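The structure under discussion appears below in the form of structure tokens.
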Amino acid sequence: MSTSSAIASAEEWPRTAAEALAVQDRLRPTVDTVGPGPQPGEVRRVAGLDVAYAEDSDELAAAVVVLDAHTHAVLEHSVVHGVATFPYVPGLFAFREVPALLAALERLDAAPDLLLCDGQGLAHPRRFGLACHLGVLTGLPAIGVGKTQFVGTYEPLGPARGEAADLVDEGEVVGRALRTRDAVKPVFVSIGHGVDLDTACAHVLALTPRYRLPETTRQADQLCRRALKSHPAARS
DNA sequence: GCGACAG
DNA sequence: ATCTTGTCGC
């Protein structure tokens, strides 16, 4: 992704919760919730994104791992070290991770065809979670895959891989609880940008051949935590 | 009013 | 998010 960080610098990054809320309100209308977006089989470069944090400092490492959508082989990856500049606040989570993740994306040789984010998309109090934020700022199709539920309720789902139930919040379907492995807790899939929910779930299942989480997410998770350990906190 | 709350 | 080894089970 050789092009512009112009999008990110086009506006000042918020420092307060009030400013962050304003940014979400302004960007929310720009989310493409229709899609349908690229189907599995129509994409080649699928990216997994994740961030790891140090326990005794504000150091962090953001990673992006691009996999071949079919073989799941690693095509490319990038890691960026940084500092957490925004506190963790449920609902404003993206403001903590997006800067570092965008920097990591900029370091790639070529833009991914799809983004799998470690967190929610529309399944968010104001319908603008991390996956929506990353999708809108990059213009790339994005999917949110949360390990835990954030908003909404859902009916019990069957025990087999592939079983799913809509996540409903305030009367609207904001995502889906999707079982990716038999008898294992479901993951929470939601639209990030430019992909519809069915397509998003199809991608998640296609990228989850063995474990509970998509290979993209697992690879990115491992990469950023290894990077955080091996690369000592260079502080004074 | 109280608690819960993506990572 | 992070602290954390082995272990029981498919």
Side-chain angles (χ1 to χ4, degrees), chain A residues 17 20-21 23-24 27-28 31 48-64 79-102 104 115-136 142-154 159-161 167-170 174-193 197 200 204 208-214 216-233:
Chain A
L21 288 170
V23 170
Q24 293 187 326
L27 296 182
R28 184 172 45 70
V31 176
L49 302 82
D50 194 21
V51 177
Y53 299 86
E55 44 189 330
D56 293 324
S57 73
D58 53 3
E59 300 287 326
L60 62 78
V64 178
V79 190
V80 163
H81 289 269
V83 169
T85 60
F86 204 93
Y88 168 66
V89 178
L92 299 180
F93 174 56
F95 294 93
R96 187 172 171 75
E97 306 206 330
V98 166
L101 289 173
L102 285 180
L115 265 33
L116 258 82
C117 311
D118 192 26
Q120 322 293 331
L122 292 183
H124 173 279
R126 291 172 296 284
R127 309 291 178 262
F128 197 72
L130 174 68
C132 296
H133 213 135
L134 284 170
V136 164
I143 296 171
V145 182
K147 293 183 287 293
T148 62
Q149 179 180 6
F150 186 26
V151 298
T153 58
Y154 61 98
R161 162 183 159 85
L167 238 193
V168 180
D169 184 47
E170 308 280 274
V174 298
R176 203 117 82 198
L178 175 66
R179 187 100 61 193
T180 54
R181 272 196 78 185
D182 291 353
V184 168
K185 288 194 307 183
V187 294
F188 301 84
V189 180
S190 57
I191 290 173
H193 181 63
L197 191 51
V204 171
T208 312
R210 180 171 182 187
Y211 301 100
R212 177 184 177 232
L213 301 177
T216 41
T217 304
R218 300 184 63 251
Q219 296 286 331
D221 177 78
Q222 288 172 30
L223 180 54
C224 61
R225 43 196 342 176
R226 278 179 304 188
L228 196 60
K229 285 186 178 181
S230 61
H231 219 295

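The model shown is predicted, which means the values in this text are computed figures rather than measured ones. Worth knowing before you read on, the calculation uses all heavy atoms, side chains too, and leaves out hydrogens, waters and symmetry mates. Within every chain, numbering begins at 1; the chains are lettered A, B, ... in the order of the sequence lines, protein sequences first and strands thereafter.
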Please state how far atom [atom1] in [X] lies from atom [atom2] in [N], giving the value in whole angstrom units.
| X | N | atom1 | atom2 | value |
| --- | --- | --- | --- | --- |
| A:Asp50 | C:dT2 | CG | C1' | 13 Å |
| A:Leu101 | C:dA1 | CG | P | 13 Å |
| A:Asp56 | C:dT2 | CG | C1' | 10 Å |
| A:Asp58 | C:dA1 | CG | C1' | 14 Å |

So [X], base contact, sugar-phosphate only, or nothing? Heavy-atom distance under 4.0 Å.
| X | value |
| --- | --- |
| A:Leu60 | nothing |
| A:Tyr88 | base |
| A:Gly129 | base |
| A:Ala183 | nothing |
| A:Gly144 | nothing |
| A:Glu55 | sugar-phosphate |

**Opening and closing nucleotides of DNA chain B in contact with chain A, under 4.0 Å to non-hydrogen atoms** =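 The protein-touched segment is B:dC5 to B:dG7.
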
**Message:** Dot-bracket, 5' to 3', for DNA chain B please: Watson-Crick or G-U pairs under 3.5 Å, [ ] where pairs cross earlier ones, | where the partner sits on another strand, dots elsewhere.
**Reply:** .......

Residue pair [X] / [Y]: nearest heavy atoms and the distance that separates them:
| X | Y | value |
| --- | --- | --- |
| A:Cys132 | A:Ile191 | SG-O, 3.7 Å |
| A:Arg161 | A:Thr180 | NH1-O, 3.0 Å |
| A:Val204 | A:Pro214 | CG1-CG, 4.1 Å |
| A:Pro186 | A:Tyr154 | CG-OH, 4.2 Å |
| A:Ala123 | A:Leu167 | CB-CD1, 4.1 Å |

**Message:** Tell me if a side-chain donor or acceptor on A:Gln24 pairs with a main-chain N or O of A:Leu92 at a distance below 3.5 Å.
**Reply:**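 No, A:Gln24 side chain to A:Leu92 backbone: no donor-acceptor pair under 3.5 Å.
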
**Message:** Any side-chain to backbone donor/acceptor pair from A:His193 onto A:His133? Under 3.5 Å, distance only.
**Reply:**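 Checking the backbone N and O of A:His133 against the side chain of A:His193, no donor-acceptor pair under 3.5 Å is found.
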
**Asked** Of A:Leu60, A:Leu102, A:Leu49, A:Val51, which is the lone residue that meets side chain to side chain contact (heavy atoms under 4.5 Å, CB included) with A:Glu97?
**Response**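 Only one of A:Leu60, A:Leu102, A:Leu49, A:Val51 forms a side chain to side chain contact (heavy atoms under 4.5 Å, CB included) with A:Glu97, namely A:Val51.
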
**Asked** Any ion pair linking A:Arg127 and A:Asp169 (charged N to carboxylate O, less than 4.0 Å)?
**Response**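 A salt bridge links A:Asp169 with A:Arg127.
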
**Request:** Ignoring backbone atoms, test whether A:Arg181 places a side-chain nitrogen or oxygen under 4.0 Å from the OP1 or OP2 oxygen of C:dC10.
**Result:**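 No, outside the criterion.
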
